[in-house]
S.K.: 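Could you have a look at this structure, given as structure tokens, before my questions?
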Amino acid sequence: MAERVLWTGDKLNLQIGTQTLFRDAFFSIAENERVALVGRNGCGKSTLMKVIAGQDTVSDGKITIAKNLRIAYMPQEFTLPGGILVRQAVRDGAKWFDELAESYRTLPANSPEHVRAENLLDLHDAWDVGHKIDVLMEKLHLDFPDKYCSELSGGELRRVMLARTLAAEPDLLLLDEPTNHLDVEMIAWIEKFLSEYTGACLLVTHDRFFLDRVATRIVELDHGSFYSYDGSYADFLAGKEEREYNEDVLEQKRKSFLRLEVEWVRRSPKARLRRNLGRIKRYEEIAAIKAPQRTAEIELVIPKASHLGNRVVELKNVSLSIGGKKLIDGLDYEFAKGMKVGIIGANGIGKTSLLKMITGSLRPDSGEIFRAETVEFNYVDQNRVALHDENTVLDEIAEGHSYINLGDERVTVWGYLRRFLFEDDRINTKVKRLSGGERARLTLAKILRGGGNFLILDEPTNDLDLSTLRILEEALIHYDGCLAVVSHDRYFLNRVCTHILAFEPEGTLTANVGDYDTYYAKRQERLAALRPAPPAAPQEKIPLSKPKNKPKKGLTFKEERELEALTSRITELETEIGQAEAQLSDPEFYRTRAAEAGIVQDRIGELKKEYEQALVRWEELETKRE
């Protein structure tokens, strides 16, 4: 049976200034789908979310919404009442459950509304909303329930808004960059929450690891149209490449047709006869078809690093405390030439303080820090480079100069900005008039202009679109200086980093050779050795408001649905794995599509991993039901 469609927009049109966001576009989302919306910064992803949430409108198009659809929306930019406590702000997200509970308590037991309220409270396991709020706040490290929202930092407010949105458990969740300002542990919990979520979810994210684990479908917004791809991020890249290739083939055929027809018109007097007017009309119709639009890629250049010796920066028995809290205790670590070190850990644990000690802007309580005389730091802090709204794009980069030195290369400021996709008319535009995507590109241009041979980046992936992220990763991979980067983006860490320096929850700081996956595997081995026996599962709270005479089931309604979905999914996975393996064993595949072999192999690995996880969960649910 087809899933119920929750929201559909057909022939959507919206233009802001000279930019077309939607052009006769179609988008829909069905129940139980988890859709990742991707595209260039400023292309209209957040605008679509606002339209779905009812906070914005399109200039033209037909929108169809399912009856009684409940939507909860977490935008990128928001405000929370400063005068309310954190716990109340989160609790306000669950008002619908409080209303259901009130209906259950006050309505006659034999009324349809009473039965409906009971069924919905069962479906969402919402007999004890307070306990659900406690779990959400614990998982998102909101351990300051009695603080006022006006006292919180931007990152803390974002976690409060995320908890408030998730607490609603709506039919359709809209999450715009939900992983920003979350550490790896919190992101892993959000992944699990959304993977098991029985409603639908539309999310905008640049975190490809998160995207792969959560999304069932990827939709790209490109030049006003939506393109849908089932599967993983790798499937999306392969599908996009195939789509653009097919479009280019059709465009070449169109151009060839037009060229031949023009020659016919020029050479043949008969072309002017009435009977040939149809042929001319057809030519005009095909000539009016627009060529496929392509967004140029940023030509991202990190200036070549100046000479570095093998010994760059060395920390010897370094310790640091701030506000009475011990952040670093007796750290010995050496940064050598060519190392690309990913620094990970929970928010507020000391990562940024470590970066400041490396550069010398913060002194340790004890220990020594050696810095080679040849070291030139280029430090980009968490708040990025400040952009001045009244400056033009040119003024922001030029700072009174006509040229920029990129290592051995000297380019004009105009030429440098064109590499970051700024056309002539935008180079003299004031910063305050730039789109979000243009501001992100300008920030990146200003960062990388600084050069240096020891590049330090604090959360560089926040707010960058996927295309720009891939280009930044390529530039960092080929960067010949030393790199230290704080990031929670595991995909980024895997692609770029050769070493991981991890602040762990136990209060230790561990150094590892290899990427994030290597570190994670070693950490799991260490934890398994320390805790061979899993802790007993905590007893479920029995809410006072739940009817005492209600029989206890082996599986909740939510788990029954999950078990049904798992059974179907396991069968699908077996088929997909078999098809992919058969594809790799076919000699014809390597003759015609050898370049895709790596993508198919990666896909098989992902499918097998999902298959194993699905089997484990299926066995858990079957055991519980029995």
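Because the structure is a prediction, the values reported are computed rather than measured.
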S.K.: Is a side-chain N or O of Arg164 found less than 3.5 angstrom from the main chain of Ala89, in a donor-acceptor match?
M.R.: yes

S.K.: With no hydrogens and no angle check, is any side-chain donor or acceptor of Ser225 less than 3.5 Å from a backbone partner on Asp222?
M.R.: no

S.K.: Check whether any side-chain N or O of Thr392 sits under 3.5 Å from a backbone N or O of Asn428 as a donor-acceptor pair, and report yes or no.
M.R.: no

S.K.: What residues, two or more places apart in sequence or in another chain, satisfy side chain to side chain donor-acceptor pair (under 3.5 Å) together with Tyr333?
M.R.: none

S.K.: How long is the span from the OH atom in Tyr229 to the CD1 atom in Ile218, to the nearest 0.5 Å?
M.R.: 10.0 Å

S.K.: Identify the heavy atoms of Ser153 and Glu156 that sit nearest to each other, and give their distance.
M.R.: N-OE1, 2.9 Å

S.K.: More than 12 heavy atoms of other residues, nucleotides or ligands under 6.0 Å from NZ of Lys50: is that the case?
M.R.: no

S.K.: At their closest point, which heavy atom of Asn453 faces which heavy atom of Leu308, and how far apart are they?
M.R.: O-CD1, 3.4 Å

S.K.: Contact between Leu37 and Leu48 at the side-chain level, heavy atoms closer than 4.5 Å - yes or no?
M.R.: yes

S.K.: Which heavy atom of Pro178 sits nearest a heavy atom of Leu162, and at what distance?
M.R.: O-CD2, 3.8 Å

S.K.: Can you pull out every ring-ring contact (aromatic ring centres under 6.0 Å, His included) where at least one residue sits in residues 446-468? Sequence neighbours excluded, please.
M.R.: Phe335-Phe454, Phe377-Phe454

S.K.: State plainly whether the residues Lys240 and Glu244 are in salt-bridge range, i.e. N to O under 4.0 Å.
M.R.: yes

S.K.: Checking Thr508 side chain against Glu504 main chain: does a donor-acceptor pair fall under 3.5 Å?
M.R.: no

S.K.: Could you tell me whether Arg490 and Glu191 have a side-chain N and a carboxylate O separated by less than 4.0 Å?
M.R.: yes

S.K.: Is the positively charged end of Lys522 above the ring of Tyr519, judged by distance under 6.0 angstrom from the centroid and angle within 45° of the axis?
M.R.: no

S.K.: Asp212 and Ser232: which non-hydrogen atoms are nearest, and at how many Å?
M.R.: OD1-CB, 3.2 Å

S.K.: Any non-hydrogen side-chain atom of His488 less than 4.5 Å from a side-chain atom of Met186?
M.R.: no

S.K.: When you look at CZ of Phe193, are more than 12 heavy atoms from neighbouring residues, nucleotides or ligands closer to it than 6.0 Å?
M.R.: yes

S.K.: What are the two closest heavy atoms between Leu455 and Leu476, and how far apart are they?
M.R.: CD2-CD2, 3.7 Å

S.K.: Are the side chain of Asn494 and the backbone of Asp517 linked by a donor-acceptor contact shorter than 3.5 Å?
M.R.: yes

S.K.: Is the backbone of Arg40 close enough, under 3.5 Å, to the side chain of Lys45 for a donor and an acceptor to pair up by distance?
M.R.: yes

S.K.: Between the main-chain N or O of Val35 and the side-chain N or O of Arg217, is there a donor-acceptor pair closer than 3.5 Å?
M.R.: no

S.K.: Tell me, yes or no, whether the heavy-atom count around Lys609 atom NZ, taken from other residues, nucleotides or ligands under 6.0 Å, exceeds 12.
M.R.: no

S.K.: Grab the two heavy atoms, one from Leu354 and one from Ile343, that are nearest each other, plus how far apart they are.
M.R.: CD2-CD1, 4.1 Å

S.K.: Salt-bridged, Asp395 to Lys430, with N to O below 4.0 Å?
M.R.: no

S.K.: Check the pair Val413, Tyr403 against side-chain contact (heavy atoms from CB on, under 4.5 Å), reporting the backbone distance first and the verdict last.
M.R.: CA-CA 5 Å; Val413 176; Tyr403 291 88; 5.9 Å; no

S.K.: Would the distance check show the side chain of Ser321 and the main-chain N or O of Gly324 forming a donor-acceptor pair, the cut-off being under 3.5 Å?
M.R.: no

S.K.: Could you go through Arg158 and Asn180, starting from their C-alpha distance and side-chain angles, then the distance that decides it, and tell me whether this counts as side-chain contact (heavy atoms from CB on, under 4.5 Å)?
M.R.: CA-CA 8 Å; Arg158 191 157 185 83; Asn180 276 4; 3.7 Å; yes

S.K.: What about the rings of Tyr491 and Phe209, do their centers lie closer together than 6.0 Å?
M.R.: no

S.K.: Does any N or O in the side chain of His141 come within less than 3.5 Å of the main-chain N or O of Met137, such that one atom is a donor and the other an acceptor?
M.R.: no

S.K.: Rounded to the nearest 0.5 Å, how far does CG of Asn391 lie from CD of Glu399?
M.R.: 9.0 Å

S.K.: Please indicate whether Tyr520 has more than 12 foreign heavy atoms, meaning atoms of other residues, nucleotides or ligands, lying under 6.0 Å from its OH.
M.R.: no

S.K.: Answer yes or no: is there a side-chain heavy-atom contact under 4.5 Å between Pro364 and Ile369?
M.R.: yes

S.K.: Taking atom CD as the centre, does Glu241 end up with more than 12 heavy-atom neighbours from other residues, nucleotides or ligands that are less than 6.0 angstrom away?
M.R.: no

S.K.: Decide yes or no for Leu202 and Leu175: does some side-chain heavy atom of the first lie under 4.5 Å from some side-chain heavy atom of the second?
M.R.: no

S.K.: Do Ser319 side-chain atoms and Ser366 backbone N/O form a donor-acceptor pair below 3.5 Å?
M.R.: no

